[in-house]
Asker: 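The structure follows.
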Amino acid sequence: MGKVVFLYRSLAYRNAAADILRKARKLPRGPERSAARRYAKALRDLAQTEAWLEGRVAREPRAAERMKSAASG
């Protein structure tokens, strides 16, 4: 059950961040746009921090493959 809750919560943070970024892009340059972008970045960072706390950090598959090939090579 914990995995499902984590998935929904993480997706909710990421979707909210993406929505706010889309809205910020439509705003003219200024303090409102900057604040929206900072808020979106904070939500994205929160999703990553929560993933780290849950022990589910997404790793780039390419980087993992490079390390494996370098170790075996």
Side-chain angles (χ1 to χ4, degrees):
M1 182 68 174
K3 292 179 183 179
V4 173
V5 171
F6 164 75
L7 178 65
Y8 283 126
R9 194 171 37 208
S10 180
L11 286 175
Y13 290 143
R14 291 172 194 221
N15 287 335
D19 288 340
I20 292 170
L21 261 180
R22 276 188 222 105
K23 291 176 184 175
R25 287 185 188 125
K26 294 177 184 177
L27 294 173
R29 292 183 185 207
E32 289 181 35
R33 180 179 177 171
S34 297
R37 293 180 71 214
R38 282 193 304 270
Y39 186 58
K41 184 180 182 313
L43 283 173
R44 189 181 64 211
D45 291 345
L46 180 62
Q48 290 175 353
T49 300
E50 192 162 340
W52 178 78
L53 289 172
E54 290 286 328
R56 294 178 178 88
V57 177
R59 293 190 176 98
E60 293 182 15
R62 294 180 196 142
E65 289 174 14
R66 276 189 246 140
M67 289 192 310
K68 287 179 185 176
S69 63
S72 64

Asker: Using 0.5 Å steps for rounding, measure from the CZ atom of Arg33 to the CZ atom of Arg25.
Answerer: 9.0 Å
Asker: Go through the steps for Lys41 and Asp45 under the test salt bridge (Lys or Arg N to Asp or Glu O under 4.0 Å), then give the verdict.
Answerer: CA-CA 6 Å; Lys41 184 180 182 313; Asp45 291 345; 3.0 Å; yes
Asker: How many angstroms lie between CG in Leu43 and CG in Asn15, if you round to the nearest 0.5 Å?
Answerer: 11.0 Å
Asker: Let me check something: do Tyr39 and Leu46 share a hydrophobic cluster, defined by ILVMFWY side-chain heavy atoms less than 4.5 Å apart, either directly or through other members?
Answerer: yes
